2 protein chains.
Amino acid sequence: MSQSITIKDIAQLLGLSKSTVSRALKDHPDISPETKRAVKEIAERLHYKPNHVAISLRHRKSRMIGLLVPNISYFFFPSVIEGIEEIVHQHGYQLMILQSNESYDREVNGIDTMLANNVEGILASVSRRTEDFSHFKNVIDRDIPIVFFDRVPEEIKADMVLVDDIRGTYDGVKHLLETGRKRIAICIGHPNLLISKNRLKGYKMALHEAGMEIKDEYIISGQSIDEVESATHQLLNQDTPPDGIFAISDLTMTGIMKSIYTNRLRIPEDIAVIGFCEEPFSTMYNPPLSAIQPMGFEIGKIATEVLFNRIQAEHSFMVTPEIHNITSRMVIRGST
Amino acid sequence: MSQSITIKDIAQLLGLSKSTVSRALKDHPDISPETKRAVKEIAERLHYKPNHVAISLRHRKSRMIGLLVPNISYFFFPSVIEGIEEIVHQHGYQLMILQSNESYDREVNGIDTMLANNVEGILASVSRRTEDFSHFKNVIDRDIPIVFFDRVPEEIKADMVLVDDIRGTYDGVKHLLETGRKRIAICIGHPNLLISKNRLKGYKMALHEAGMEIKDEYIISGQSIDEVESATHQLLNQDTPPDGIFAISDLTMTGIMKSIYTNRLRIPEDIAVIGFCEEPFSTMYNPPLSAIQPMGFEIGKIATEVLFNRIQAEHSFMVTPEIHNITSRMVIRGST
DNA sequence: ACCGGTTTCGCAACCGGTTGCGGTTGATAA
DNA sequence: TTATCAACCGCAACCGGTTGCGAAACCGGT
């Protein structure tokens with residue numbers, strides 16, 4: 001009972017050849033109805049399950065999509081993955097998830113194992129430490145469709161799906177201005193990432209448009225909750241502390257809120273808070289936060305749809321890559 | 001440039017046979033040093049990468065571990081996955097993650113694809129809707145090691161790794177009692193799950209030991225944040241509302257806190273809160289929560305270590321299954 | 001010159017399915 | 001009776017590696 005049963009077993013039991021069994025199982029017209037019935041019945045009875053590995057080897061196709069993410073912990077990416085899974089399963093594919101953990105080596109490694117496992121397409125969000133993108137060029141050279149999302153490389157020609165970073169930040173900061181805030185700070189992430197640059201750009205645009213000065217001491221950053229928390233602590237304890245703050249991500253938001261709590265500031269009386277923040281986190285705080293929803297679920301869905309379009313298209317490399325900007329939604333709650 | 005290069009390509013280029021190339025690449029003693037050098041050099045130059053699918057087919061081994069979880073969204077499971085990945089990668093294996101999304105069919109399906117992909121071992125946390133466990137028996141019959149964690153089936157003989165649910169809840173409730181709370185409520189999850197039963201048991205033990213009555217109206221439940229929130233709302237607005245509440249999980253904690261916030265109750269003056277809650281969520285609330293840390297990271301690590309022990313042992317089915325209880329850590333913060 | 005032993009490599013089967021092509025059988029038409 | 005053709009099925013190669021076994025080539029010893 002320990003070995004799984006194969007086409008050969010069925011063939012021997014019925015005195016047929018492997019080929020006949022194989023064809024019978026997939027309703028090939030060359031096979032007589034009686035043979036088909038017999039084969040299918042015994043296959044059913046023995047719980048025959050085709051071996052994906054063998055099929056993958058023969059067809060050079062695996063019905064698997066590779067997903068490369070920096071991490072799946074806590075924020076944002078879980079939502080993206082939910083969106084991805086929905087589409088992937090609609091197509092009868094499986095998802096192979098690899099985490100880079102923000103390590104360049106593991107990212108390269110992950111791409112390698114995906115290729116070695118014959119994935120038919122790749123969804124990727126790059127590590128913040130990645131500055132050499134040749135492993136991705138490799139994928140493209142091998143004609144394997146790849147779609148980047150959220151954290152995208154600037155210099156690669158491929159499909160991209162991302163939130164409208166500039167617009168989202170611009171809207172958020174503008175909303176702070178409209179509610180009367182005069183000293184608005186921002187906390188950004190790793191400067192390597194395009195999203196950091198773009199979100200900072202949106203911040204500056206909004207301030208500039210309002211004729212306000214951009215002060216360097218109101219621009220802080222951090223890679224972890226703790227780093228953000230202490231950076232925020234410094235920010236809040238300077239001579240002219242900000243009266244509004246924009247958080248670039250769920251992670252930075254957490255650090256900021258912790259610092260505000262320990263500084264016993266009242267929200268929104270003392271300081272207003274808004275930023276990119278995914279459900280359900282924005283409503284875990286007290287008061288619930290006004291937020292720009294990055295809509296990870298939609299990003300995942302759209303990126304996967306784009307990917308399947310490429311997979312199904314012939315000569316996908318001929319089609320020019322597209323950039324999809326997802327417009328994020330701003331929800332106003334008690335923090336502004 | 002689009003096709004990946006194979007052992008055959010190298011063989012032809014050097015006028016050797018496939019077998020010689022294969023052996024040269026893995027330093028087989030039968031091959032002369034010069035041949036090895038030549039083969040390795042050209043393999044390097046052509047970026048030869050062995051095809052995992054072919055190897056998997058031949059060896060009936062994939063160097064892949066299958067992970068089945070209800071979902072990877074938001075709470076708890078991401079931490080577990082981090083722990084799992086650490087060990088899996090230490091062994092040079094890859095992780096294949098499947099989500100059941102709390103659906104029985106998708107759980108069965110997920111197990112099937114894992115088997116079809118020749119995973120060498122399975123880590124599983126069952127869906128709350130699962131009541132028939134024959135798909136797991138299947139795995140065991142095929143001699144594929146499987147380790148359950150957190151949400152484990154009661155009637156299957158296999159290794160289990162779980163937090164000490166009874167003890168954790170007992171400790172938490174006892175702590176509420178020690179800080180003077182008299183009317184302690186609990187919010188549990190789906191009654192199908194052993195963890196719900198056990199955690200409820202710990203709650204009753206603590207109350208019983210203190211000579212206190214167990215009131216049904218203080219035992220609420222919910223499957224989603226919204227359900228928990230409205231159940232908590234009812235709980236808090238009855239004639240004799242509780243002055244302490246225990247949350248069975250991060251998810252229920254979120255619903256409880258939302259309800260407490262909207263009811264404008266003060267923590268811990270009006271009501272004390274404690275429960276199973278993973279970092280960093282327990283510190284996102286205001287005040288930061290006293291919590292029993294389920295230690296997902298450790299669970300993942302230990303479950304995976306147990307699994308690899310099984311994989312490496314011969315006749316793993318001979319060894320009697322073990323149950324590993326992880327003692328959770330209680331951290332007291334501002335909410336009690 | 002012959003024998004035994006080592007070194008080095010190739011043949012072919014195998015893992016589990018898939019598929020082009022060719023063969024056998026029986027019925028039908030000429 | 002024989003040529004024709006469809007219906008049905010098997011042979012064998014293939015995907016990309018792995019491996020048992022045998023063989024050729026070369027060695028030194030006698």
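If you're wondering where the values come from, they're calculated on a predicted model, not measured in any experiment. All values below were derived from every heavy atom in this structure, side-chain atoms included, with hydrogens, water molecules and symmetry-related copies excluded. Each chain gets a letter, A, B and so on, in the order its sequence line appears, and its residues count up from 1.
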A:K36 versus A:D27, closest heavy-atom pair with distance: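 Looking at all heavy atoms of both residues, the shortest contact is CD-OD1, 3.4 Å.
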Minimum heavy-atom distance B:S127-B:S100, with the two atoms named: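 Minimum heavy-atom separation between B:S127 and B:S100: CB-OG, 3.8 Å.
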Minimum-distance nucleotide to B:N51 side chain [options: D:dG17, C:dG17, C:dT8]: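 Of D:dG17, C:dG17, C:dT8, D:dG17 is nearest to the side chain of B:N51.
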Contact check, side chains of [X] and [Y], non-hydrogen atoms, under 4.5 Å:
{"X": "B:I42", "Y": "B:L13", "answer": "yes"}
{"X": "B:V69", "Y": "B:V80", "answer": "no"}
{"X": "A:I111", "Y": "A:N138", "answer": "no"}
{"X": "A:P50", "Y": "A:Y48", "answer": "yes"}

Under 3.5 Å donor-acceptor, B:E102 side chain and B:R128 backbone: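 Indeed, once roles are kept as given, a pair shorter than 3.5 Å links the two residues.
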Side-chain donor/acceptor of A:H28 to backbone N/O of A:D30, under 3.5 Å: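 Such a contact is found between A:H28 side chain and A:D30 backbone.
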Parallel, tilted or perpendicular: ring planes of A:H91 versus A:F308, cut at 30 and 60 degrees: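 Judged by the thresholds at 30° and 60°, the geometry between A:H91 and A:F308 is parallel.
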B:D30 or B:A54, whichever maps to the more 5' nucleotide of DNA chain D: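 It is B:A54, whose closest nucleotide lies nearer the 5' terminus.
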Tell me the interatomic distance from [X], atom [atom1], to [N], atom [atom2], rounded to whole angstroms.
{"X": "B:I5", "N": "D:dC15", "atom1": "CD1", "atom2": "P", "result": "15 Å"}
{"X": "B:D27", "N": "C:dC9", "atom1": "CG", "atom2": "P", "result": "13 Å"}
{"X": "A:K36", "N": "D:dA7", "atom1": "NZ", "atom2": "P", "result": "12 Å"}
{"X": "B:K49", "N": "D:dG17", "atom1": "NZ", "atom2": "P", "result": "13 Å"}
{"X": "A:R63", "N": "C:dG17", "atom1": "CZ", "atom2": "P", "result": "16 Å"}
{"X": "A:I7", "N": "C:dC15", "atom1": "CD1", "atom2": "P", "result": "14 Å"}
{"X": "A:H28", "N": "C:dG17", "atom1": "NE2", "atom2": "P", "result": "18 Å"}
{"X": "A:L14", "N": "D:dG10", "atom1": "CG", "atom2": "C1'", "result": "15 Å"}

Neighbours of DNA chain D within residues 16-25 of chain B, by heavy-atom distance under 4.0 Å: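 Those residues whose heavy atoms fall under 4.0 Å from DNA chain D, taken from residues 16-25 of chain B in numerical order, are B:K18, B:S19, B:S22, B:R23.
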Residues in contact with DNA chain D, drawn from residues 55-62 of chain A - heavy-atom cutoff 4.0 Å: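 Residues of residues 55-62 of chain A under 4.0 Å from DNA chain D: A:L57, A:R58, A:R60.
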A:T6 or B:I31, whichever maps to the more 5' nucleotide of DNA chain C: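 Residue closer to the 5' terminus by nearest nucleotide: B:I31.
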The helix from C:dA1-D:dT30 to C:dA30-D:dT1: angle between end helix axes, five pairs per end, rounded to 10 degrees: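 Inter-axis angle at the ends, rounded: 70°.
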Gap between atom CZ of B:R310 and atom CD1 of B:I146 - 0.5 Å precision: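 Rounded to the nearest 0.5 Å, the CD1-CZ separation comes out at 12.0 Å.
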Crowding at CG, B:L46 (>12 non-hydrogen neighbours, <6.0 Å):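 Above 12, so yes.
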